[in-house]
Protein chains: 2
Amino acid sequence: MKVTIADIARKAGVSKMTVSRVINKTGSVAIETKENIERIIREMDYHPDHIARSLSSKSTRTIGIVIPKKEKIFMDNYIAHVLSGVSEVLKNEDYRIMLFPVDVTNEFEVSGIAQGNMVDGLIILKISKNDNYMQKLSDGKLPTIRINNRDDGEQVSFIDSENIKGARLAMEYLYQKGHRKIGFICGRLDETNGEDRFTGYRESLTNLGLEYNENWVIQGDFDKELAYRNIEKLLALKDKPTAIFSSDDYMALGAIEKIQEMGYKVPDDFAVVGFDDIDVASLLKPALTTVQQPMHDLGAEAAQILLDIIRGKTEAPVKKFLDVKLIIRETT
Amino acid sequence: MKVTIADIARKAGVSKMTVSRVINKTGSVAIETKENIERIIREMDYHPDHIARSLSSKSTRTIGIVIPKKEKIFMDNYIAHVLSGVSEVLKNEDYRIMLFPVDVTNEFEVSGIAQGNMVDGLIILKISKNDNYMQKLSDGKLPTIRINNRDDGEQVSFIDSENIKGARLAMEYLYQKGHRKIGFICGRLDETNGEDRFTGYRESLTNLGLEYNENWVIQGDFDKELAYRNIEKLLALKDKPTAIFSSDDYMALGAIEKIQEMGYKVPDDFAVVGFDDIDVASLLKPALTTVQQPMHDLGAEAAQILLDIIRGKTEAPVKKFLDVKLIIRETT
DNA sequence: TTGGACTATGTTATCGGTAACATATAATCC
DNA sequence: GGATTATATGTTACCGATAACATAGTCCAA
């Protein structure tokens, strides 16, 4: 049988409560009592039952990370960096991470996460606030923070990158390099980072006095394969752009692949700028010029903010933007 | 207030037990009663409290994934693929994933995972069975499976790749390409995949009638940076190998980086073969020749076996090996 | 028609902790 | 010195579900 707090209490000749106090360092306990209990705990190799404790205290000391349920989601370097940031913050806090790959079209699944009492808070990644039922996650009393999906309503906390500025940096750099015809690979417009980067692209065109050509904008939905396929028609145009700004690195990779397959050279025929600065960006030949967003810090700060909200140190909603910067490499 | 099973029972005019039966589809309930309860559940948007359920039923429907607690752990493509396989199996099973980045030197932390009742089973990744306290994880009654770390004792389940065969494939191919001086970048020898690949290397040398040269074997500990640093002395040798087999892809990447920095060419001056077939392997120029191990399937099968053990369908320990194959690209 | 089997439901105890409140003794204060 | 406060500990109830056992009614076969 598993050792319980009652076993410890019996052996120590005290009540369960006193043992509980020693374990949680709450209330006051005589020093000898405390040391005796601690010794017995060690001897019997007692570990508190996390579930019982959660039920009773109404705190699971677990935070949930909600990501889209799709095949290659864990291979996404952006998510890896965010996770890394989250876990760095949590590792000193005795909080655990529970993963929720979620099917946004399944109302029951979504509500279950929000109401199952499995976690004390949620970090939501790569999911549009417009997705069916997804607002259910932020609806209730469960503390929630979104990453890279602004919410202009008043209720929901988020942490975001300065996506518009990032797009501007990329565009201004391309302009400065002499490019006047700049295409764009568009991410999901129902996620605000996709939307904002597109906005940044269009605003920059205006500010730089460049024309907006519908044919130079292709949809990639933050999906490498889709970008790979869709860029073909852009490359077939008679009047092609000389540079392409992509709303994320994966799509840039897909585009470059197609460009090279069709016999063009990067950066000679097409300069390419990505967004994110995923790990492979620097490994590739040519190495990818990209707008670096602080993926690790987005995760770390999201976790910290979420913990502060859970603990009542901070009042939700928190809204925060982190800076981005242009990393110039070989594709421009 | 949160809606509880008691609220549903009251509204439906039945006992909690009847509601519980409807939710869990256990026992028998009259069809009208059942439909009435289901309607009320929907109307009140009731979702069972996962924690209470776990405490009472002694099953959390959660499996834990134990990984080393280090900075770039989530960027490890091997882990990403394994996670992906695990989550694919779990997504249809109403099981959740809890992550345990664990400090193997912290006895308390390790025991807490094994005994905290947070999970129904554990998948252990990239952690040596010899690491301090790690045997505690497999000690108790908690179902456990290791990936890529054989355990020759009788107790512990594992799923492994045919590492020795993989090494042999790499070596024979290099031999066939004309290489007679083959160096080796060694992974952690306290993990059995590191050990086995080294064994495969040495056995192949013998079988192919090649000499074993201590200077041609460098330690990389499955760490790209370490391989990058340590290969320098091999490259400085007067009598250098013409090919290098690396115990994993990341170390191969580190090695190639250094090789190129020192002005040598891959594959002209040094052929390189890796192990794993991580995603970047095919993206790089030159693309990496490597032994592909079924990382995704390792995760998926581990999860399936673990579920079977948890459910009593299978008796532990299960011991299984998956096949590997050589993927020939441009570094050889 | 009587007992066994099955169906439908309820009752009670329990899972392993913590919250909230109560109590007793010791220490402090005016 | 009596009231007040702090320290140390215990009691009881409860968190929200399920397990195990109990019960009442129905149906059918012997």
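Below, chains carry the letters A, B, ... as their sequence lines are ordered, and counting in each starts from 1. Worth saying up front: this structure is predicted, and the values here are computed from it rather than measured.
For the segment residues 42-60 of chain B, the set of residues with a heavy atom within less than 4.0 Å of an atom of DNA chain C comprises B:L55, B:S56, B:K58, in numerical order. For DNA chain C, the residues of residues 12-28 of chain B within the heavy-atom distance limit of 4.0 Å (strictly under) are B:G13, B:V14, B:S15, B:M17, B:T18, B:R21, B:S28, sorted by number.
Comparing the start and finish of the helix from C:dT1-D:dA30 to C:dC30-D:dG1, five pairs each, the helix axis swings through 40°, to the nearest 10 degrees.
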**Report entry** Derivation and outcome, side chain to side chain donor-acceptor pair (under 3.5 Å), residues A:N24 and A:T26
**Finding:** CA-CA 5 Å; A:N24 298 296; A:T26 53; 5.1 Å; no
Report task. Evaluate the salt bridge (Lys or Arg N to Asp or Glu O under 4.0 Å) criterion for residues A:R311 and A:E93: first the C-alpha distance (whole Å), next the side-chain angles of each, then the deciding distance (0.1 Å), finally the verdict. Result -> CA-CA 12 Å; A:R311 290 167 173 161; A:E93 303 275 357; 2.8 Å; yes
Requested in this report: Decide yes or no on salt bridge (Lys or Arg N to Asp or Glu O under 4.0 Å) for A:K126 and A:D76, but give the supporting numbers first.
Outcome: CA-CA 11 Å; A:K126 284 217 158 200; A:D76 186 322; 2.8 Å; yes
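Listed by first and then second residue, the ring-ring contact (aromatic ring centres under 6.0 Å, His included) pairs that reach into residues 294-322 of chain B are B:F158-B:F321, sequence neighbours excluded.
Interatomic distance, CE of A:M118 versus CD1 of A:I113, reported as 6.5 Å (0.5 Å rounding). With rounding to the nearest 0.5 Å, the separation of CD1 in A:I305 from CD1 in A:I159 is 4.5 Å.
Inspection of the A:Q293 and A:N193 side chains reveals no N or O donor paired with an N or O acceptor under 3.5 Å. Using modelled atom types and a 3.5 Å distance limit, the side chains of B:Q115 and A:D49 yield no donor-acceptor pair.
Side-chain atoms of B:S56 do not come within 3.5 Å of backbone N or O of B:A52 as any donor-acceptor pair.
Two residues are said to be in side-chain contact when any heavy atoms from C-beta on lie closer than 4.5 Å; B:V119 and B:I63 fail this criterion. Side chains of B:K69 and B:I73 form no contact here, defined as non-hydrogen atoms less than 4.5 Å apart.
In 5' to 3' order, the nucleotides of DNA chain D bounding all contacts with chain A (an atom under 4.0 Å from a heavy atom) are D:dT7 to D:dG16.
A:D221 is linked by a salt bridge (charged side-chain N to carboxylate O under 4.0 Å, His left out) to nothing, counting only residues two or more places apart in sequence or in another chain.
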